[in-house]
Protein chains: 2
Amino acid sequence: MQIGEASAASGVSAKMIRYYEDIGLIPSATRKDSGYRLYVEPDVHRLRFIHRARELGFPVERIRDLLRLWNDRKRPSREVKKLAAQYIAELEAQITRMQGLRDTLKHLADACDGDSRPHCPILHDLAGTHK
Amino acid sequence: MQIGEASAASGVSAKMIRYYEDIGLIPSATRKDSGYRLYVEPDVHRLRFIHRARELGFPVERIRDLLRLWNDRKRPSREVKKLAAQYIAELEAQITRMQGLRDTLKHLADACDGDSRPHCPILHDLAGTHK
DNA sequence: ATAGACCTTCCAACGATGGTAAGGTCAAGC
DNA sequence: GCTTGACCTTACCATCGTTGGAAGGTCTAT
């Protein structure tokens, strides 16, 4: 099948399939005489794997590791779990940080009258005039 | 004062000060005969405002709006509060999304033995073989 | 033969920041 | 006056993942 069909079947845009090939995340596709890329079912399977991992937010470089483990039928599940745990920890850290931002902004917004008067604790805080 | 001092006083790197000038977030600095940029206290104040807003995660384009409101002494606080509320809602959405990712990964990791055996629900899910 | 759907490569952009290179300026010390 | 070193200038390149476009080649059906 050509790249368009592989794209539709995997959920990965043709653009991104070429990109993944470019950065070596997937092997170079075989080509027809015309230069068109050709794919078979296992290729689509791998693309679906990548698509799902991206949906889960794994950065591409981590997907490289996941693919390596996926291809190794004898790998210990310990290694996969470790990668997942690392990523979970990163997510936790980012969530905590964003919750902090949200809380700070909420406090400022709560203290802001939000009426037609110009006084506003939000801008006041941003201006750093309280320090 | 020169850009280095303005940078140290505001917490914004010299690099970013030039960038902000480039994208029109701040007005073009006056120059010495040598071409060196010159700053005065109100400039530093504005840079601190930007710095704090970036710390709070405001994207630069939103800071543009905030600066406009900040410069308008007669603006109703309602407008500022509205901007903040929008950003808070975006934060909430992002937090919720990341929590979803984290929970999904946690469930998968919990179901993974994490031992030397190769079976692993994490890769199994990524492969989409359950669908 | 021609239309139109598909494919190819290459280039640019996004947002915010860091880095580097090649060069100009300025103040202090000798 | 000359050198040193800290500071400044512009102009690129890289990041990360993705999208868009341009200019052109290929295939299929009419």
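We name chains A, B, ... by the order of the sequence lines, and we start the count at 1 in each one.
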task: Please list residues of residues 85-101 of chain A whose heavy atoms come under 4.0 Å from any atom in DNA chain D, ordered by number; otherwise none.
output: none
message: Please classify the nucleic acid contact of A:F58 as base, sugar-phosphate, or nothing, using heavy-atom distances under 4.0 Å.
response: nothing
query: How long is the line joining CZ of B:R62 and C1' of C:dG15, in whole Å?
result: 14 Å
- prompt: Is the shortest side-chain N to carboxylate O distance from A:E55 to A:R52 below 4.0 Å?
  reply: yes
query: In whole angstrom, what separates B:I50's CD1 from C:dG15's P?
result: 16 Å
query: Between atom NZ in B:K15 and atom C1' in D:dA11, what is the gap in whole Å?
result: 9 Å
message: For B:E5 and A:D33, find the nucleotide of DNA chain D closest to each by heavy atoms; which residue's nucleotide sits nearer the 5' end?
response: B:E5
message: Under 4.0 Å from OP1 or OP2 of C:dC7: is there any side-chain N or O of A:S34 that close?
response: no
task: Check every atom of C:dC6, C:dT17, D:dC7 against the side chain of B:Y19 and return the nucleotide holding the closest atom.
output: C:dT17
statement: note: B:Y36, atom OH; D:dT10, atom C1'; distance rounded to Å ~ 13 Å
field: Whole-Å distance separating the CD atom of B:E61 from the C1' atom of C:dC14
entry: 11 Å
message: By nearest heavy atom, map B:K32 and B:P59 onto DNA chain C; which one lands nearer the 5' end?
response: B:P59
Rounded interatomic separation in angstrom, taking CE from B:M16 and C1' from C:dG19: 13 Å
query: Atom CD of B:Q2 and atom P of C:dA27: how far apart are they, to the nearest Å?
result: 9 Å
- prompt: C:dG15 phosphate, OP1 or OP2: any side-chain N/O from B:R54 under 4.0 angstrom?
  reply: no
Check ion pair A:K106-B:E92 (N to O, under 4.0 angstrom): yes
Salt-bridge criterion met for A:D113 and A:R117 (N-O under 4.0 Å): yes
- prompt: Given C:dT8, is OP1 or OP2 found less than 4.0 Å from the side-chain N or O atoms of A:R37?
  reply: yes
task: Kindly say whether the aromatic ring centers of A:H124 and B:W70 come within a distance under 6.0 Å.
output: no
query: How long is the span from the NZ atom in A:K82 to the CG atom in A:L69, to the nearest 0.5 Å?
result: 11.0 Å
query: Can we say A:E90 and B:R102 salt-bridge, meaning some charged N sits less than 4.0 Å from an Asp/Glu carboxylate O?
result: no
- prompt: Considering all heavy atoms of both residues, which atom of A:I122 and which atom of A:C112 are nearest to each other, and what is their separation?
  reply: CD1-CB, 4.2 Å
- prompt: Roughly how many Å is it from OH in B:Y20 to C1' in C:dA16, rounded to a whole number?
  reply: 7 Å
task: Taking only the side-chain heavy atoms of B:R18 (C-beta and beyond), determine which of D:dC8, D:dT26, C:dT20 contains the nearest atom.
output: D:dC8
task: Please determine which of A:R46, A:R37, A:K15 meets the salt bridge (Lys or Arg N to Asp or Glu O under 4.0 Å) test together with A:E21.
output: A:R37
Approximate separation, where rounding is to 0.5 Å, of A:L56 CG and B:D125 CG: 6.5 Å
query: Between the two end axes of the helix from C:dA1-D:dT30 to C:dC30-D:dG1, each built from 5 base pairs, what angle do you get to the nearest 10°?
result: 40°
- request: Hey, could you give me the CG/OG1 distance between A:L38 and A:T30, rounded to the nearest 0.5 Å?
  value: 4.5 Å
query: So does A:R31 get a side-chain nitrogen or oxygen closer than 4.0 Å to the phosphate oxygens (OP1/OP2) of C:dT9?
result: yes
field: Residue-phosphate contact under 4.0 Å: A:S13 side-chain N/O, D:dT18 OP1/OP2
entry: no
